[in-house]
> 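Can you keep this structure in mind? I'll have questions shortly.
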Amino acid sequence: MRIIVVGGVASGASFAARYRRLNENDEIVIYEKSNYISYANCGLPYYIGDVITNKNNLTLQSPELFLKRFNILVKINHEVTNIDKKKKEIEVLDLKNDLKFTDKYDKLILATGAKAIKPNLPGSDLENIFTLRNIEDTYKIKEFVSHNNIDNIAIIGGGFIGVEMAENLAHIGKKTHLIELGNHILVNYDEDMVPLLEREMVSNGVDLLLNKETVAFEKEDEEIKIHFKDGESLKVKAIILAIGVIPDNDLLKKADLKLGIKGSAAVDECFQTSDENIYAIGDLIQVNNLISHTAGLISLAGPANKEGRLLADILNGVHTKFHGAFATSIIKIFNLVGATTGLNEKIIKTLNREYEKIIIAPLSHASYYPGATALTIKLLFDKNTYEIYGAQIIGKEGVDKHINVLATAIKTKMKAYELKDLDLAYAPPFSSAKDPINFLGYIADNIFKGLVKQFHLEDIPTILANKNNILLDVRTDYEYSLGHIAGALHLELDKLRQTHSQLNKNKKIYIHCQSGLRSYLACRYLNNLGYEAYNLAGGYYFYSLNQKDNKKEPLTNKCR
């Protein structure tokens with residue numbers, strides 16, 4: 001059998017190598033349009049930022065090694081331009097020699113990935129405007145910036161690539177502007193979680209421009225003038241467009257294959273397209289979200305590599321199917337790390353599902369061991385079944401291990417309150433005796449058993465507007481003096497046994513401390529006395545984090 005793979009990066013190369021490990025007899029040919037195969041797409045911004053200094057480290061394999069090690073023929077600089085389904089034949093253009101030829105297949109694997117979106121705006125074709133998709137783009141950007149003394153650069157788009165490019169350009173001393181159409185960066189995170197990441201970018205010199213719609217580009221001498229819808233403009237020397245990606249679906253459309261959302265390949269659980277001899281994998285395909293059970297796109301290297309491996313198994317008779325994914329991801333932003341898994345709050349709302357959320361601010365390891373840093377964790381789960389919908393974490397240390405535990409919990413369909421039972425490793429340099437993941441489970445268990453009732457940031461205006469409510473701050477006098485919610489009554493926790501008589505049992509008591517622990521203690525005490533008390537998820541720390549206009553608010557989650 002002759003197998004042709006179109007695209008030799010993450011999913012295509014992964015498929016071919018796995019297929020050969022399972023089958024030594026079939027012929028495998030990879031056609032790749034660029035000059036490289038199996039390269040580290042996710043590492044491209046870090047080469048521009050001089051974090052990765054040896055460009056050879058970006059390429060994980062070469063055509064020569066693939067042939068020698070796997071007996072797989074790789075033809076780089078070859079673009080597949082058409083598919084004839086009836087003849088089971090592809091048309092190929094040799095880009096270096098400008099020659100066209102045809103090649104026959106028994107099975108055709110489409111792994112063309114995604115391409116950068118380039119807006120159809122006036123001036124978008126100017127030579128100083130770039131997109132970043134492959135190694136050639138990376139070399140082009142780095143050479144242009146280095147050789148032309150480019151010191152003032154704008155990135156349009158605050159997604160993964162845009163944010164990573166902003167960090168790396170700032171890292172090499174460039175004046176960097178990050179322009180985002182929406183009201184916050186990283187759309188897969190909730191708006192109330194990203195202020196920490198946005199402050200980190202600003203504190204490291206990135207000019208962050210939110211709610212800015214670009215409408216045109218204009219060349220002025222050696223600069224480009226960016227025109228915004230609000231009438232303002234910005235002059236820079238170069239622009240990197242990072243407004244997102246879409247499936248590279250030219251071949252799908254030419255072959256009249258069934259399309260999914262946003263022009264992706266509609267495939268079944270075996271990656272088969274609407275043609276029985278054509279399969280598709282990677283960023284090209286529509287994916288079932290295992291939590292929402294809706295169709296979506298997941299442009300991440302992890303799922304792409306897994307899909308390649310799975311398809312190789314399927315075509316070799318290994319009993320398996322692809323059921324979907326739920327997009328676990330992580331990003332470094334200067335000294336902070338952000339990670340997310342599953343659904344965010346915005347998506348859950350669009351699905352009209354009843355949900356609850358827990359927000360905690362623990363330390364990354366035991367407080368008495370030097371070097372502990374703050375984590376901010378948000379857990380989302382079904383209000384009735386306690387099925388975990390998703391989670392987001394931001395911090396300096398331990399973010400990766402905690403998000404991976406929560407991703408595993410989602411995959412195994414754990415209930416939120418079952419997180420308390422996980423047997424997780426502990427030693428003072430690495431965690432706390434009550435691991436943050438266990439702590440999420442304890443709170444969920446308290447909610448499940450009716451031992452605590454929560455309220456959230458968005459509830460505060462309504463609470464203050466109702467005279468039958470009391471918003472109670474139980475922090476210390478010193479903490480209260482540094483900043484507090486206007487309209488809150490202040491009674492320190494450790495004096496509450498003497499002062500609780502100032503409260504009216506006929507009113508609902510909404511309590512907060514710095515991070516949620518002391519207010520929980522106050523809730524339990526007052527509930528035992530017959531008061532109806534509620535605890536603020538995330539505490540004053542989370543409240544202050546989301547007061548974007550008040551830069552003087554202390555951002556500490558230390559709970560004394």
Side-chain angles (χ1 to χ4, degrees), residues 158 160 163-164 166-167 184-186 188-204 206 208 327-342 344-345 357-380 388 390-410 419 422 424-443 457 513-517 537-548 553-560:
F160 282 116
V163 168
E164 288 175 345
E167 177 192 2
H184 68 86
I185 61 171
L186 299 173
N188 53 326
Y189 290 74
D190 287 320
E191 184 182 356
D192 57 7
M193 288 293 285
V194 295
L196 271 173
L197 300 175
E198 291 174 346
R199 291 183 188 201
E200 180 72 5
M201 297 193 77
V202 172
S203 67
N204 281 276
V206 176
L208 184 59
T328 302
S329 65
I330 192 166
I331 186 170
K332 172 188 170 295
I333 302 178
F334 295 99
N335 297 309
L336 282 182
V337 178
T340 178
T341 188
N344 61 29
E345 192 171 355
K357 55 186 173 182
I358 294 171
I359 299 159
I360 62 173
L363 294 177
S364 56
H365 60 248
S367 60
Y368 57 83
Y369 187 88
T373 57
L375 290 167
T376 302
I377 306 177
K378 181 177 187 178
L379 182 75
L380 300 155
I388 300 172
Q392 297 159 49
I393 307 178
I394 295 170
K396 291 184 178 181
E397 177 188 52
V399 173
D400 52 347
K401 68 177 179 180
H402 293 311
I403 203 70
N404 286 337
V405 170
L406 291 171
T408 303
I410 292 173
L419 295 173
L422 289 176
L424 303 174
Y426 160 65
F430 305 106
S431 187
S432 301
K434 292 181 179 178
D435 188 274
I437 302 300
N438 294 137
F439 209 82
L440 292 169
Y442 295 142
I443 297 173
L457 298 185
C513 66
Q514 192 67 12
S515 65
L517 175 57
Y540 184 79
Y541 159 74
F542 202 64
Y543 171 85
S544 62
L545 174 64
N546 280 279
Q547 304 310 298
K548 295 182 179 180
E553 291 287 358
L555 284 181
T556 173
N557 65 350
K558 187 175 181 181
C559 193
R560 289 182 281 178

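Every heavy atom of this structure was used, including side-chain atoms; hydrogens, water molecules and symmetry mates were not. Small disclaimer: the values here were computed from a predicted structure and weren't measured.
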> Under a 4.5 Å cut-off applied to non-hydrogen side-chain atoms, are Asp400 and Val337 in contact?
no
> With rounding to the nearest 0.5 angstrom, report the CD1 to CD distance, Ile331 to Glu164.
4.5 Å
> Let me confirm one number: the CG-CD distance from Asn335 to Glu167, rounded to the nearest 0.5 Å.
8.5 Å
> For the side chain to side chain contact (heavy atoms under 4.5 Å, CB included) test, which of Thr341, Leu406, Leu379 pairs with Ile393?
Leu406
> Okay, side chain of Tyr540, backbone of Gly516: is any donor-acceptor separation there less than 3.5 Å?
no
> Taking all non-hydrogen atoms of both residues, which atom of Leu545 and which atom of Pro195 are closest, and how far apart?
O-CB, 3.4 Å
> Of all heavy-atom pairs between Ala372 and Ser367, which one has the smallest distance, and what is that distance?
CB-CA, 4.5 Å
> Can you tell me if NZ on Lys401 sees more than 12 non-hydrogen neighbours from other groups inside 6.0 Å?
yes
> If you take all heavy atoms of Ile330 and Phe160, which pair is closest and at what distance?
O-CE2, 4.4 Å
> Applying side chain to side chain donor-acceptor pair (under 3.5 Å), can you list everything that pairs with His402, at least two apart in sequence or on another chain?
none
> May I ask you to decide if Gly338's main-chain N or O and Tyr189's side chain share a donor-acceptor pair within less than 3.5 Å?
yes
> From Leu196 CG over to Phe542 CZ, what is the distance, rounded to the nearest 0.5 angstrom?
8.5 Å
> When rounded to the nearest 0.5 angstrom, what is the spacing between CE in Met193 and OG1 in Thr376?
6.0 Å
> Which of these passes side chain to side chain contact (heavy atoms under 4.5 Å, CB included) with Leu186: Asn344, Thr340, Ile333?
Ile333
> Please enumerate all residues that pass side chain to side chain donor-acceptor pair (under 3.5 Å) together with Gln392, with sequence neighbours excluded.
Asp190
> Using 0.5 Å steps for rounding, measure from the OG atom of Ser515 to the CD1 atom of Ile359.
12.0 Å
> Can you give me the closest heavy-atom contact between Ala407 and Thr328, atom names plus distance?
CB-OG1, 3.6 Å
> Please report the shortest heavy-atom distance between Val194 and Ile185, naming the atom on each side.
CG1-O, 3.6 Å
> Got a second to check how far Ile358's CD1 is from Phe439's CZ, nearest 0.5 Å?
10.0 Å
> What are the two closest non-hydrogen atoms of Pro362 and Ile377, and how far apart are they?
CG-CD1, 4.1 Å
> Decide whether Glu397 and His365 meet the rule of one side-chain donor and one side-chain acceptor closer than 3.5 Å.
yes
> Can you give the donor-acceptor pairs under 3.5 Å from side chains of residues 427-438 to other protein atoms, not counting sequence neighbours?
{"unit_1": "Ser431", "atom_1": "OG", "unit_2": "Asp435", "atom_2": "OD2", "d": "2.8"}
{"unit_1": "Asp435", "atom_1": "OD1", "unit_2": "Ile437", "atom_2": "N", "d": "2.8"}
{"unit_1": "Asn438", "atom_1": "ND2", "unit_2": "Leu419", "atom_2": "O", "d": "3.0"}
{"unit_1": "Asn438", "atom_1": "ND2", "unit_2": "Lys420", "atom_2": "O", "d": "3.4"}
{"unit_1": "Asn438", "atom_1": "ND2", "unit_2": "Leu422", "atom_2": "O", "d": "3.1"}

> Output yes when a side-chain donor or acceptor of Lys332 lies under 3.5 Å from a complementary backbone atom of Phe334, and no otherwise.
yes
